[in-house]
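Encoded as structure tokens, the structure appears first; notes follow it.
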Amino acid sequence: MVTIRLHNSLTRRKEVFAPLDAANVRMYVCGPTVYDRAHLGNARPVVVFDVLYRLLRHVYGDAHVTYVRNFTDVDDKINARAREMQKAGDTRDLNAIIRTLTDETIGWYHADMDALGTLRPTHEPRATEFIAQMIAMIRTLIDKECAYEAEGHVLFDVHAWPDYGRLSGRSVDDMIAGARVEVAPYKRDAMDFVLWKPSTDEEPGWDSPWGRGRPGWHIECSAMAEELLGPSFDIHGGGLDLQFPHHENEMAQSCCARPDACFARYWLHNEMVQVDGKKMAKSLGNFFTVRDLLDQGWPGEVIRFVMLQTHYRKPMDWTEEKGRQARATLQKWRAQVAGVTPAEVHPGVVAALSDDLNTAGAIAELHQLSHASDASALLASAQILGLLTPALSGWEQAGPADKADLSLLDDLSRRLAQARERARESKDFSEVDRLKAALVAAGVEVRMSRDGVELVPGPDYDSAKLGALA
RNA sequence: GGCGGGUUGGCGGAGAGGUUACGCAGCGGAUUGCAAAUCCGUGUAGACCGGUUCGAUUCCGGUACCCGCCUCCA
């Protein structure tokens, strides 16, 4: 059995991964709040944990890994967006707008993440479908005196959990000292956070022992993880910016509700996507969506490759230069593995991934396999990274969109070959050069070897520019 | 202010206390009518200052700069 090592945020160390149950390895990853297109930063954890999911499936077997990623479909940002839509003329009631908005956003999310070649998780629970479980957990917390009711709210008492702050490496006192959080008068402690809050009549709300209301942000993950994975599970993942307060609060709630269990055992956090050295964020306005890149013509596989070139615990930037290099590499590899049957995954690739998801190291191994012309190992090994998969194929056939183009290129390659034959006799290469220059200008790569001519349309292929030659 | 992380060759980007990361670009060569593609070869880089060590880019301490979290955030 391969030994997987993962950096656990809880201990700030790389640890040997030992699942609670090798027959059912369980992972929970925080998913999106659904009111808008996912930006590149949102996509990073999806890709990173997709690689971990694939690695776990490789090691423990496809049927022995359960992966849960939630959709947060109850949230004040969603409500705010729906109100904007109302102001813009949408006459439906708020809940109807929200339902449409969240459904549509989930559809976008699936389409965009599918384009990046990520596998769908085993379960993708929507928060609104687990309100009963949240209410039950909140009741438990109140019963255990870890939470209290105040002015229609239910708040978690951070002092109820002695280890509060352990995950994010800070003490309650430190946090209060530098707290920028607005302290509501009904809070016993500034750091206490909301489990349940009242809703107005038009806002989404559910009946509860504390009146009609809606859950706070953190409780959904605790409730859904317990429902779908059990009170103790193996891996909890998400962006580094969720470490505090989201994950700290999740852990406090869950551990207080189920003190016999341990909630998540390995916490993994990916670093941020940056733009010009700053975190990509909606609030900073420096973001672009996955859809933006796809629409610009960047294949999902190229975006995925660029992401995996940087270790998940390091900040990364998207640049067009990286995109171009990734595209060239993938094009070369795809040509190399065309028609090849995948063999065994190269042990070096598994070893690299098993070392805290060293995807850059794994890619270096792929370069070696390509270099060694071991196409079947290259294919199998790339696929464990979700690269060179059938699902992401097609884009590398850039260029001739229709049969007319293909036959035109076919025709031109024959003409070029004939012109070259004649030129070899006559030593007059002017016609060859003319054809070649025109082809290059139209974005066609001209490959002339000793025994033939090959025309490969590149990314800038423009059939209109070949008109003069037709 | 508190806590955490980073700084690697022209660019991107890893691992490892001592032996080539890797990719791209560049340079030299093979090949080519010339190119392209391909193949071969090629780079003592590790922010700065100290310390530990036979030996540190890798461990420890300090300095500088950068980033993240502490408010919603992947």
Side-chain angles (χ1 to χ4, degrees), chain A residues 9 12 29-33 38-49 69 72 75-77 80 165 168-182 190-191 193 217 237-248 269-274 276-284 287 305-306 308-317 319 321-322 324-326 328-329 332 335 351-352 355-356 358-368 370-371 373 420 423-430 432-433 436-437 439-440 444-450 453-456 458:
Chain A
S9 300
R12 274 155 267 273
V29 174
C30 287
T33 300
H39 66 230
L40 196 65
N42 298 313
R44 190 173 190 191
V46 183
V47 171
V48 164
F49 292 109
R69 188 181 60 217
T72 299
D75 179 276
D76 287 355
K77 288 192 294 295
S168 51
R170 54 190 96 196
S171 71
V172 173
D173 290 345
D174 287 345
M175 287 185 280
I176 291 169
R180 284 188 257 164
V181 64
E182 190 184 331
M191 298 312 297
F193 56 90
W217 176 30
L240 186 61
D241 54 357
L242 295 183
Q243 189 175 26
F244 188 88
H246 186 52
H247 290 164
E248 191 73 62
H269 292 102
N270 62 277
E271 253 287 2
M272 300 291 100
V273 170
Q274 300 194 336
D276 296 328
K278 298 279 183 198
K279 172 183 168 181
M280 177 180 287
K282 286 234 168 83
S283 54
L284 293 175
F287 67 94
F305 188 96
V306 169
L308 296 180
Q309 270 184 308
T310 304
H311 186 85
Y312 78 95
R313 287 194 291 107
K314 290 261 179 90
M316 68 146 276
D317 272 87
T319 62
E321 178 56 26
K322 284 185 181 181
R324 279 190 291 271
Q325 283 187 19
T329 300
K332 180 174 134 187
D355 182 13
D356 195 30
N358 184 358
T359 50
I363 287 171
E365 295 284 343
L366 297 183
H367 281 294
Q368 300 319 300
S370 167
H371 188 70
S373 299
R420 190 162 72 132
R424 276 183 171 150
E425 300 290 321
S426 66
K427 301 295 175 200
D428 174 10
F429 287 91
S430 59
V432 178
D433 287 339
K436 201 166 64 179
L439 284 161
V440 169
V444 180
E445 193 182 287
V446 181
R447 297 180 184 174
M448 292 199 289
S449 65
R450 191 185 305 278
V453 171
E454 198 186 351
L455 299 183
V456 183

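Computed from heavy atoms alone, side chains included, the values below leave out hydrogens, waters and symmetry copies. Throughout, protein chains are lettered first and strands after them, A, B, ... in sequence-line order, and every chain is numbered starting at 1. Because the structure is a prediction, the values reported are computed rather than measured.
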task: Using Watson-Crick or G-U wobble geometry with both distances below 3.5 Å, tell me the partner of A64(B), or none.
output: U7(B)
- prompt: Using the C1' atom in both, what is the distance from G17(B) to A35(B), to the nearest Å?
  reply: 48 Å
- request: Could you tell me the separation between the NE2 atom of His246(A) and the P atom of U71(B), rounded to a whole number of Å?
  value: 15 Å
- request: Pick the C1' atom in G51(B) and in G12(B), then give their distance to the nearest Å.
  value: 33 Å
- prompt: Considering only heavy atoms and no angle criterion, is a donor-acceptor pair shorter than 3.5 Å present between the side chain of Lys436(A) and the base of C34(B)?
  reply: yes
- request: Determine the interatomic distance between P on U20(B) and the same-named atom on G29(B); round to the nearest Å.
  value: 26 Å
- request: Name the nucleic acid region contacted by Lys279(A), choosing base, sugar-phosphate or nothing; use a 4.0 angstrom heavy-atom cut-off, strictly under.
  value: base
query: Over how many whole Å does the gap from Lys77(A) atom NZ to C72(B) atom P extend?
result: 9 Å
query: Between Lys322(A) (side chain) and Asp317(A) (backbone), is there a donor-acceptor pair under 3.5 Å?
result: yes
Spacing of the P atoms in C49(B) and A30(B) (rounded, Å): 44 Å
statement: Arg424(A) has its side chain closest, among C69(B), C72(B), G33(B), to G33(B)
- prompt: Does the side chain of Ser430(A) come under 3.5 Å of the side chain of Asp428(A) through a donor N or O and an acceptor N or O?
  reply: yes
query: On a whole-Å scale, what distance lies between the C1' atoms belonging to U58(B) and U8(B)?
result: 11 Å
field: Distance between P atoms of C67(B) and G26(B) (Å, rounded)
entry: 32 Å
- prompt: Picking from A36(B), G33(B), A74(B), which would you name as closest to the side chain of Arg447(A)?
  reply: A36(B)
query: With a non-hydrogen cut-off below 4.0 angstrom, is Val48(A) in contact with a base, only sugar-phosphate, or nothing?
result: nothing
- request: Nearest-nucleotide wise, let me know which of Pro32(A) and Arg313(A) is further upstream toward the 5' end of RNA chain B.
  value: Arg313(A)
- request: Nearest whole angstrom, please: distance from the C1' of G68(B) to the CD of Gln274(A).
  value: 8 Å
task: Mind checking Asp433(A) for me? I need base, sugar-phosphate or nothing, with any heavy atom below 4.0 Å counting as a touch.
output: base
task: Quickly work out the Met280(A) CE to C69(B) P distance and round it to whole Å.
output: 14 Å
- prompt: When the distance from NZ of Lys282(A) to C1' of U71(B) is rounded to whole Å, what number comes out?
  reply: 17 Å
- request: For Val273(A), report the nucleic acid contact type (base, sugar-phosphate, nothing); a contact means any heavy atom under 4.0 Å.
  value: base
query: Tell me, do Glu365(A) and Asn358(A) make a side-chain contact under 4.5 Å, heavy atoms counted?
result: no
message: I'd like to check the ring-ring contact (aromatic ring centres under 6.0 Å, His included) partners of Phe305(A); sequence neighbours left out, ordered by chain and number.
response: Trp333(A)
query: Expressed in angstrom and rounded to an integer, what is the separation of Leu240(A) atom CG from G4(B) atom P?
result: 13 Å
field: Pairwise C1' distance for U52(B) and G62(B), with rounding to whole Å
entry: 15 Å
field: Nucleotide nearest Met448(A) when distance is taken to its side chain, options C67(B), G33(B), A74(B)
entry: G33(B)
field: Base paired to C69(B) (Watson-Crick or G-U; both N/O distances under 3.5 angstrom)
entry: G2(B)
task: State, with a plain yes or no, whether a side-chain heavy atom of Thr310(A) is found less than 4.5 Å away from one of Arg44(A).
output: yes
CD on Gln325(A) to CD on Gln309(A), rounded to 0.5 Å: 7.0 Å
task: Could you check Gly41(A) against Arg12(A) and say which one's nearest nucleotide on RNA chain B is further toward the 5' end?
output: Arg12(A)
message: Students often get this wrong, so: under 4.0 angstrom with heavy atoms, is Phe244(A) touching a base, only sugar-phosphate, or nothing?
response: sugar-phosphate
Base paired to G18(B) (Watson-Crick or G-U; both N/O distances under 3.5 angstrom): C54(B)
- prompt: Rounded to the nearest 0.5 Å, what separation is found between the CD atom of Glu271(A) and the CG atom of Asp241(A)?
  reply: 9.0 Å
Atom pair CE/CE of Met316(A) and Met280(A) - distance to nearest 0.5 Å: 8.0 Å
message: Taking any heavy-atom pair under 4.0 Å as a contact, classify Gly277(A): base, sugar-phosphate, or nothing.
response: sugar-phosphate
field: Sequence-aligned protein contact record of nucleotides 11-23 of chain B, with B where the base is within under 4.0 Å of a protein heavy atom and S where only the sugar-phosphate is
entry: -SSSS-----BSB
query: Are the side chain of Glu248(A) and the backbone of Ser168(A) linked by a donor-acceptor contact shorter than 3.5 Å?
result: yes
query: Can you tell me how far C1' in A25(B) sits from the matching atom in C11(B), rounded to whole Å?
result: 8 Å
- prompt: Does the cation-pi check pass for Arg170(A) over Phe244(A), that is, NZ or CZ under 6.0 Å from the six-membered ring centre and within 45° of its axis?
  reply: yes
- request: Please give the nucleotide sitting opposite A45(B) as a Watson-Crick or G-U wobble pair, both distances under 3.5 Å, or none.
  value: none
- prompt: With both distances under 3.5 angstrom, what nucleotide forms a Watson-Crick or G-U wobble pair with C39(B)?
  reply: G29(B)
- prompt: For Met191(A) and C70(B), what is the distance between atoms CE and P respectively, to the nearest whole Å?
  reply: 10 Å
message: Without decimals, in angstroms, what is the distance between Asp173(A) CG and G1(B) C1'?
response: 15 Å
